[in-house]
Protein chains: 2
Amino acid sequence: MKKNGLANLDDDLAVERMSLAEIAAERLRELILIGKLPPGQPLSERELSERLRISRTPLREAIRELAAERLIDVLPNRRPQVADPSLEHIEDLFDVQAALEALAGRLFTKRATQEQIDELVAIHERFSKFPDDCEPLKFFRTDMAFHSAIVRGADNVALADTHRQYNAALFRARFMSSRQLRWRDITIAEHTEILDALCARDAERSAAALTTHLMSGRANQRMLDPDAD
Amino acid sequence: MKKNGLANLDDDLAVERMSLAEIAAERLRELILIGKLPPGQPLSERELSERLRISRTPLREAIRELAAERLIDVLPNRRPQVADPSLEHIEDLFDVQAALEALAGRLFTKRATQEQIDELVAIHERFSKFPDDCEPLKFFRTDMAFHSAIVRGADNVALADTHRQYNAALFRARFMSSRQLRWRDITIAEHTEILDALCARDAERSAAALTTHLMSGRANQRMLDPDAD
DNA sequence: AAAAGGTGTTTGGTATACAATTTTACCATT
DNA sequence: AATGGTAAAATTGTATACCAAACACCTTTT
């Protein structure tokens, strides 16, 4: 007889028990992305471990994980710091993300199922009907969902993984952009072109539209005040 | 004036003060890449920490670092295992690496200095003069050096970083290929075309040549026996 | 004999104590 | 007052002990 009858529910959802390190990594990632832990912020292992109610060992592993994602800079014998990428570095990230999404677009035209196309259309429908005064976070999340849906349709695990990493590194930059009304209009127009190309299963047009869209984002990023930190 | 005679295992790399976790990560990465720790091999934390003469804490951090690079699979409450990617997954990795190198080629044509071009030419010179019976590892290292030099010339830190990660994940596959004489001829021919395009600073031709080259590698990989482990 | 269940050993997960390093603050010297 | 050095405090790096979960083997039960 099973000792733990409650676990049956979890089994159905395939929920694996997470280690404290993984939980802490997720929580830290969230704190960094929403800006509660701002760029450049030095992180004291002791203080953080107390605030998260865990010991330093799992916290250190979480920090190392985020360091591998380049969300945290860690130097030997020094306090880890929340990454504070320069404008040039952010532009570099945009260039790579553009190449990744261009590949995703090409693969999407070859591999995506009808269901995945329908899902993408549905996301875009919701997206273009948002009022101008909708919450920035809502607009932003839907924007991200659109791009993620394309990557999912590309059916390439490695690509999805790397794309997610770059999304995290670019989170702040793209979130800042999404607050501008001007940027929202551009986004919807460019998403429409991307969706058209993907539905037509035109690989090169899809790749071009996605590259253009990311380069718009990169250029828009350049306009924002680089002094902010 | 060393007080602790315990930790003198890797003093040859002591130019920079590295933590034991970093040293262990490098050592483990090497052991995995050269196949001393074969794909699928379960790793006992206690046994490994004894063999590397360190305690489990820094070893665990090293394992997490390699897990972030996808060189090791780690599941909760189970032994970490050396990653054993399927043929399909390796093909996915090739697709992403091709997109990354295509971007690197484009950026190279815009940003590379004359010195970086000269360096690339020099590498290719050495490469094409290798005799057929040269050591596989020597041929392989020079092959890698060629690709890395292109990425360096692209002057994009994020791209270089991600490219290095994918190189590690594809290490075994590409090393196996480099043992075939037929593949060597193809490599030299395709490198010549890449070099031509880069020297002409033709972005699209460079990107196309690099994509073609990586797709050759991907196709060649498919020919190799997938049963080997 | 086969299957279910229990027990002991092995292994990863976490906390804590200690060592080594860096940072900070203070004092002496210029 | 500015500067340099040195000691104390704070912080990271490492080792070890303990806990809980997983696995293998054996016993028990049918």
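Residue numbers begin at 1 in each chain, while the letters A, B, ... track the order of the sequences. Since this is a predicted model, take the numbers as computed values, not measurements. We use all heavy atoms of the structure for the numbers below, so side chains are in, but hydrogens, waters and symmetry mates are not.
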Rounded interatomic separation in angstrom, taking [atom1] from [X] and [atom2] from [N]:
X: A:L48; N: D:dA10; atom1: CG; atom2: P; result: 18 Å
X: B:L59; N: C:dG12; atom1: CG; atom2: P; result: 9 Å
X: B:E47; N: C:dT11; atom1: CD; atom2: P; result: 8 Å
X: A:L52; N: C:dT14; atom1: CG; atom2: P; result: 13 Å
X: B:M18; N: D:dG13; atom1: CE; atom2: P; result: 13 Å
X: B:E61; N: C:dG12; atom1: CD; atom2: P; result: 16 Å
X: B:L43; N: C:dG12; atom1: CG; atom2: P; result: 9 Å
X: A:R56; N: C:dT16; atom1: CZ; atom2: C1'; result: 10 Å

Hey, which of these two, A:P58 or B:P80, hits DNA chain C nearer its 5' end, going by closest nucleotide?
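Closer to the 5' end of DNA chain C: B:P80.
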If you pin A:L20 and A:P76 to their nearest nucleotides in DNA chain C, which one's is more 5'?
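Taking each residue's closest nucleotide, the earlier one in sequence belongs to A:L20.
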With hydrogens left out and only the distance checked, is there a donor-acceptor pair under 3.5 Å joining [X]'s side chain and the base of [N]?
X: B:S19; N: D:dT12; value: no
X: B:S44; N: C:dT10; value: no
X: A:R78; N: D:dG13; value: no

Reckon B:R79 has a side-chain N or O less than 4.0 Å from the OP1 or OP2 of C:dG13?
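Checking C:dG13 against B:R79, no side-chain N or O comes under 4.0 Å of OP1 or OP2.
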Using a cut-off of strictly less than 4.0 Å, decide whether B:R60 has a side-chain nitrogen or oxygen near OP1 or OP2 of C:dT11.
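No.
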Out of [options], whichever nucleotide has its closest atom nearest the side chain of [X]:
X: B:N77; options: D:dT12, D:dT14, D:dA22; result: D:dA22
X: A:R46; options: D:dT12, D:dA15, C:dT14; result: D:dT12
X: B:E45; options: C:dT16, D:dT14, C:dG12; result: C:dG12

N-O pairing of [X] and [Y] below 4.0 Å:
X: B:R64; Y: A:E65; result: no
X: A:K110; Y: B:D95; result: no
X: A:E91; Y: A:R222; result: yes

Report which part of the nucleic acid A:R64 touches: base, sugar-phosphate, or nothing (heavy-atom distance under 4.0 Å, all strands).
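The answer is sugar-phosphate, as A:R64 gets under 4.0 Å only of primed atoms, P, OP1 or OP2.
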Is the ring pair B:H124/B:F146 parallel, tilted or perpendicular, if the boundaries are 30 and 60 degrees?
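Ring orientation of B:H124 relative to B:F146: tilted.
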Establish, for the pair A:R184 and A:F130, whether the NZ or CZ atom is under 6.0 angstrom from the six-membered ring centre and no further than 45 degrees off its axis.
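Not flagged: A:R184 not positioned over aromatic ring of A:F130.
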